[in-house]
Amino acid sequence: MSRWTSASAAAIPDSLSFAEAAALPLTSLTAWESQFDRLGLDPDGAEAGSSLLFLGGAGGVGSIAIQLARLAGLTVIATASRPESRAWVRELGAQHVIDHSQPLAPQLAALGFNAVDTIANFADSDAYWAVMAELIQHQGAIVAIVGNRHPLDLNLLRDKSVRFTWEFMFTRAKHRTADLAQQGAILDAVADLIDTGRLRTTLRTHLGPISAANLHQAHTQLETGRTIGKLVLEGWP
Ligand SMILES: NC(=O)c1ccc[n+]([C@@H]2O[C@H](COP(=O)([O-])OP(=O)(O)OC[C@H]3O[C@@H](n4cnc5c(N)ncnc54)[C@H](OP(=O)(O)O)[C@@H]3O)[C@@H](O)[C@H]2O)c1
């Protein structure tokens, strides 16, 4: 195994099956790096009480991100549009849930938020760009994990001196960054949080072995844009 590959790896949590563990690494790295490395929030709670809005709370990344944010003491607002996805994000720890199929600002205002301190966009950078500029607190920060299809107007963030950052979980491995081993450390930390009962797996649907039919079913489900938690396929027929 080359050095950069092993630096991004960690042993799976003792308390999980392989399928339960398989649901976690990519999304945990994305969620952790988004909040703690890119937005600069403190996993140990130095910003406890500050608000973090997750756009797309019930998906694979959102499902682990909500849990990590609560462990860091943040006030979590997650978007979810259906009864089952709303119930899921609440179960994971979101204190507030708003519906992304409706305008967000009035829903936040009804909850007492005129603005949010940070935003993590796990859904659509184009569709939410202007909305995020409106909702973010002055001197706040925004992270996005989904690439844009059209140019984004950075000037919308200027008046409030808002910081914007991308998160791409392959950056460290692709560019063999000096801090690549941080990914192994994150996975170790996540495994420890799982084994001590402070995080739970995000596996929701086990689709069976890796067959053409099951892969097709997984892709069809993912393309609905309505997946809750993570899908896993395991082993061979
Ligand atoms: N940059 C990176 O390193 C990185 C890493 C992982 C994933 N990604 C990308 O990040 C995105 C999210 O990944 P994921 O696995 O979390 O997705 P996912 O599991 O497919 O997300 C599904 C969830 O998205 C919600 N959703 C659908 N339309 C939405 C909208 N317009 N606004 C807000 N939420 C909406 C749905 O909620 P409701 O059912 O409640 O409507 C659903 O629960 C994907 O595009 C993926 O490719 C990037």
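Counting starts at 1 for both ligands and their atoms, following the listed order. Counting begins at 1 with the first residue of the sequence.
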Which ligand 1 atoms, with their elements, are less than 4.0 angstrom from a heavy-atom of A123? 32 (N), 33 (C), 34 (N)
Can you list the ligand 1 atoms lying under 4.0 Å from a non-hydrogen atom of V146? 10 (O), 11 (C), 45 (O)
Taking 4.0 angstrom as the limit, do E91 and R200 come out as a salt bridge? yes
Can you list the atoms of ligand 1 that are under 4.0 Å from a heavy atom of M169? 2 (C), 3 (O)
Which of the atoms of ligand 1 are close to A80, meaning less than 4.0 Å from one of its heavy atoms? 40 (O)
Would you call L215 and I210 a side-chain contact if the rule is heavy atoms closer than 4.5 Å? yes
Does D159, at its CG atom, have more than 12 non-hydrogen atoms belonging to other residues, nucleotides or ligands within less than 6.0 Å? no
Only heavy atoms count here, so choose which of S125, S85, A65 is nearest to atom 40 (O) of ligand 1. S85
When clusters are formed by joining ILVMFWY residues with side-chain heavy atoms under 4.5 Å apart, either directly or through shared neighbours, do V190 and L41 land in the same one? yes
Q35 pairs by side chain to side chain contact (heavy atoms under 4.5 Å, CB included) with which of L74, T118, V143? L74
In this structure, atom 13 (O) of ligand 1 is nearest to the protein heavy atom V61 CG2, 4.1 Å
Does D124 reach ligand 1, in the sense of a heavy atom lying below 4.0 Å from it? no
Using every non-hydrogen atom in the two residues, find where L233 and A218 come nearest and quote the distance to one decimal. CD1-CB, 3.9 Å
Output the list of atoms in ligand 1 that are nearer than 4.0 Å to some heavy atom of G56, sorted by atom number. 33 (C), 34 (N)
Numbered atoms of ligand 1 (with element) below 4.0 Å of F122, judged on heavy atoms: 11 (C), 12 (C)
Protein non-hydrogen atoms only, distance under 4.0 Å: does atom 2 (C) of ligand 1 have such a neighbour? yes
For R82, take its heavy atoms, then give the atoms of ligand 1 lying under 4.0 Å from any of them. 38 (P), 39 (O), 40 (O)
Give the residue, atom name and distance (to 0.1 Å) of the protein heavy atom nearest atom 8 (N) of ligand 1. I145 CD1, 3.7 Å
Measuring to protein heavy atoms, does anything land under 4.0 Å from atom 21 (O) of ligand 1? yes
Nearest to atom 31 (N) of ligand 1, what protein heavy atom do you find, and at what distance? Y128 OH, 3.7 Å
Protein residue, atom and distance nearest to atom 29 (C) of ligand 1, heavy-atom basis: H100 NE2, 3.7 Å
Find the distance between CH2 (W129) and CD1 (I142) and round it off to the nearest 0.5 Å. 6.0 Å
Using a 4.0 Å cutoff against the non-hydrogen atoms of A58, which atoms of ligand 1 qualify? 43 (O)
With the 4.5 Å side-chain cut-off for hydrophobic clustering, are L108 and I66 part of the same group? no
Indicate yes or no: does an N/O atom of G60 lie under 3.5 Å from an N/O atom of ligand 1? yes
Which residue and atom name correspond to the protein heavy atom nearest atom 6 (C) of ligand 1, and how close is it? L26 CD2, 3.4 Å
Closer than 4.0 angstrom: is that true for some heavy atom of F170 and an atom of ligand 1? no
Parallel, tilted or perpendicular for F113 and H96, by the 30°/60° rule? perpendicular
among protein heavy atoms, the one nearest atom 24 (O) of ligand 1 is G225 O, 3.7 Å
Identify the protein heavy atom lying closest to atom 38 (P) of ligand 1, giving its residue, its atom name and the separation to 0.1 Å. S81 OG, 3.4 Å
Please round to the nearest 0.5 Å and tell me the distance separating atom OG1 of T79 and atom CG of L55. 5.5 Å
Any chance you could measure I77, atom CD1, to Q107, atom CD, to the nearest 0.5 Å? 11.0 Å
Would you call R149 and D124 a salt bridge, taking side-chain N to carboxylate O under 4.0 Å as the test? yes
Applying the side chain to side chain contact (heavy atoms under 4.5 Å, CB included) criterion to L199, which one of L92, L24, D192, I64 satisfies it? I64
Could you check atom 4 (C) of ligand 1 against the protein and tell me its nearest heavy-atom contact, residue, atom and distance included? T30 CG2, 3.9 Å
